[in-house]
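Okay, structure first, notes after.
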Amino acid sequence: MRPFQIPQARTGPRGERGVVLLIALIVLVAMTLAALGMMRSLDTGTIVAGNIGYREAAVASADSGVEAARAWLLANQTTLNADNPSAGYYSTRQDSLDFTGNLTEGGHDGVNWDGTDSSQTTAAFAVGAVDSSGNTVYYLIHRLCRLTGTINATPQTCAFATSMGSGSTQASPDYSSFGLTTTNQVYYRITVRVNGAKNTVAYVQAMVLL
């Protein structure tokens with residue numbers, strides 16, 4: 001009968017398969033990519049918020065251009081039947097005008113806003129820098145008429161509103177004469193462009209009845 005022998009435990013090093021290390025590396029890479037994505041998202045949000053702020057500042061600065069154009073109209077009411085390109089004023093609607101230059105890029109039916117595009121026949125008036133942020137304002141005025149000249153000429157057509165004046169029929173033999181007088185007031189379209197920081201560009205339009 002053979003004697004019973006107790007098996008001895010192995011005391012040597014076991015072979016490392018590296019599965020845990022591989023999983024740890026994959027998790028580490030995933031966490032790194034997630035952190036980078038979060039950082040980029042925060043940076044993008046900051047940039048977007050900054051751009052919105054620049055745009056709002058540019059739109060707010062456009063009010064000064066509208067007021068400057070309105071003041072010019074009031075000061076030149078007797079000369080509004082003809083164009084005045086040096087002042088950014090045109091006595092017709094110019095229906096085919098491309099204000100932003102996006103419709104017909106490279107054409108000649110756009111606006112020379114800042115004086116750098118002499119190929120354009122329509123020029124704006126430069127108000128200049130209006131605040132400490134460096135916003136530069138330009139305006140363009142159009143009388144909403146089809147032709148130059150007086151608004152009552154034939155075949156002139158204008159966008160206007162009729163306002164009632166004063167009069168009396170007290171001394172007339174009947175009510176067919178000496179009635180109330182009326183006045184036609186023409187609409188003027190003011191287009192303002194603001195060049196702001198970070199290449200921000202804003203356009204604002206306003207209608208004035210004069």
Side-chain angles (χ1 to χ4, degrees), residues 58-128 130 135-169 172 174-195 201-210:
V59 172
S61 297
D63 290 341
S64 61
V66 173
E67 288 301 317
R70 190 181 70 87
W72 186 92
L73 285 171
L74 292 174
N76 295 273
Q77 295 186 56
T78 60
T79 61
L80 299 179
N81 292 334
D83 295 345
N84 189 346
S86 62
Y89 173 77
Y90 296 86
S91 59
T92 59
R93 296 188 299 261
Q94 293 185 323
D95 294 332
S96 60
L97 190 65
D98 182 11
F99 288 98
T100 62
N102 294 326
L103 298 179
T104 55
E105 185 176 356
H108 303 288
D109 54 354
V111 181
N112 183 11
W113 285 105
D114 55 4
T116 60
D117 190 359
S118 59
S119 65
Q120 307 299 341
T121 57
T122 301
F125 180 79
V127 179
V130 296
N135 291 328
T136 306
V137 177
Y138 310 86
Y139 71 70
L140 194 63
I141 307 174
H142 287 95
R143 185 180 68 163
L144 297 187
C145 294
R146 187 168 68 91
L147 304 172
T148 60
T150 62
I151 64 174
N152 298 318
T154 303
Q156 179 71 282
T157 57
C158 296
F160 64 88
T162 301
S163 61
M164 301 301 296
S166 61
S168 175
T169 59
S172 61
D174 54 50
Y175 291 102
S176 62
S177 59
F178 300 99
L180 295 176
T181 60
T182 59
T183 302
N184 292 331
Q185 293 180 296
V186 182
Y187 282 99
Y188 295 84
R189 179 183 62 215
I190 300 173
T191 306
V192 177
R193 168 173 166 155
V194 181
N195 292 353
V201 177
Y203 293 91
V204 172
Q205 282 189 331
M207 303 294 290
V208 175
L209 188 62
L210 188 62

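For the single chain, residues carry numbers from 1 onward in sequence order.
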Could you measure the distance from the CG atom of D83 to the CD1 atom of I141? Nearest 0.5 Å is fine. 12.0 Å
Quick one: pull up CG in D109 and CD in Q94 and give me the separation to the nearest 0.5 Å. 10.5 Å
Just so I know, are the side chains of L210 and L74 near enough to count as touching, which here means a heavy-atom distance under 4.5 Å? yes
Give a yes or no on whether the backbone of T162 and the side-chain of Q185 come within a donor-acceptor separation of less than 3.5 Å. no
Is the closest side-chain heavy-atom distance between W113 and Y203 below 4.5 Å? yes
Can you say whether the rings of Y188 and Y89 are parallel (under 30°), tilted (30 to 60°) or perpendicular (over 60°)? tilted
Answer yes or no: is there a side-chain heavy-atom contact under 4.5 Å between S91 and T148? yes
Nearest 0.5 Å, please: how far is CG in L140 from CZ in R189? 8.0 Å
If you define the side chain from C-beta out and look only at heavy atoms, does anything of N84 sit under 4.5 Å from W72? yes
Can you find a pair of side-chain heavy atoms, one from L80 and one from L73, that are under 4.5 Å apart? yes
Working to the nearest 0.5 Å, report the span between CZ of R143 and CG of N81. 5.0 Å
In short, V59 meets A202 closest at the heavy-atom pair CG2-CB, 4.0 Å
Find the distance between CG (N184) and CG (N152) and round it off to the nearest 0.5 Å. 6.5 Å
Compare all side-chain heavy atoms of N135 with those of N195 and state whether any distance is below 4.5 angstrom. no
Could you state the interatomic distance from OG1 (T191) to CG (L97), rounded to the nearest 0.5 Å? 8.0 Å
So, for S86 and F125, which heavy atoms are closest and what is the spacing to 0.1 Å? O-CD1, 3.5 Å
Check whether any side-chain heavy atom of V192 sits under 4.5 Å from a side-chain heavy atom of V137, and report yes or no. yes
Taking atom types as modelled, is there a side-chain donor on N76 or T78 under 3.5 Å from an acceptor on the other? no
Return yes if some donor-acceptor pair links the side-chain N/O of D114 with the main-chain N/O of T116 below 3.5 Å, else return no. yes
Which atom of Y139 lies closest to which atom of A87, heavy atoms considered: CE1-O, 3.5 Å
Distance-only donor-acceptor check, side chains Y138 and R193, under 3.5 Å: no
Stepwise side-chain contact (heavy atoms from CB on, under 4.5 Å) check, R146 with D95: CA-CA 9 Å; R146 187 168 68 91; D95 294 332; over 6 Å; no
Is a side-chain N or O of Q205 found less than 3.5 angstrom from the main chain of I190, in a donor-acceptor match? no
As a quick check of understanding, evaluate side-chain contact (heavy atoms from CB on, under 4.5 Å) for T92 and C145, giving each step before the final call. CA-CA 5 Å; T92 59; C145 294; 5.7 Å; no
Taking the side chain as everything from C-beta on, heavy atoms only, tell me whether V127 gets closer than 4.5 Å to T136. no
Between the side chains of S119 and D117, does any donor sit under 3.5 Å from an acceptor? yes
Minimal heavy-atom distance between G110 and T122, with the atoms involved, is O-CB, 3.9 Å
Is it the case that atom CZ in F99 sees more than 12 heavy atoms from other parts of the structure closer than 6.0 Å? yes
For L209 and A161 the tightest heavy-atom approach is CD2-CB, 3.9 Å
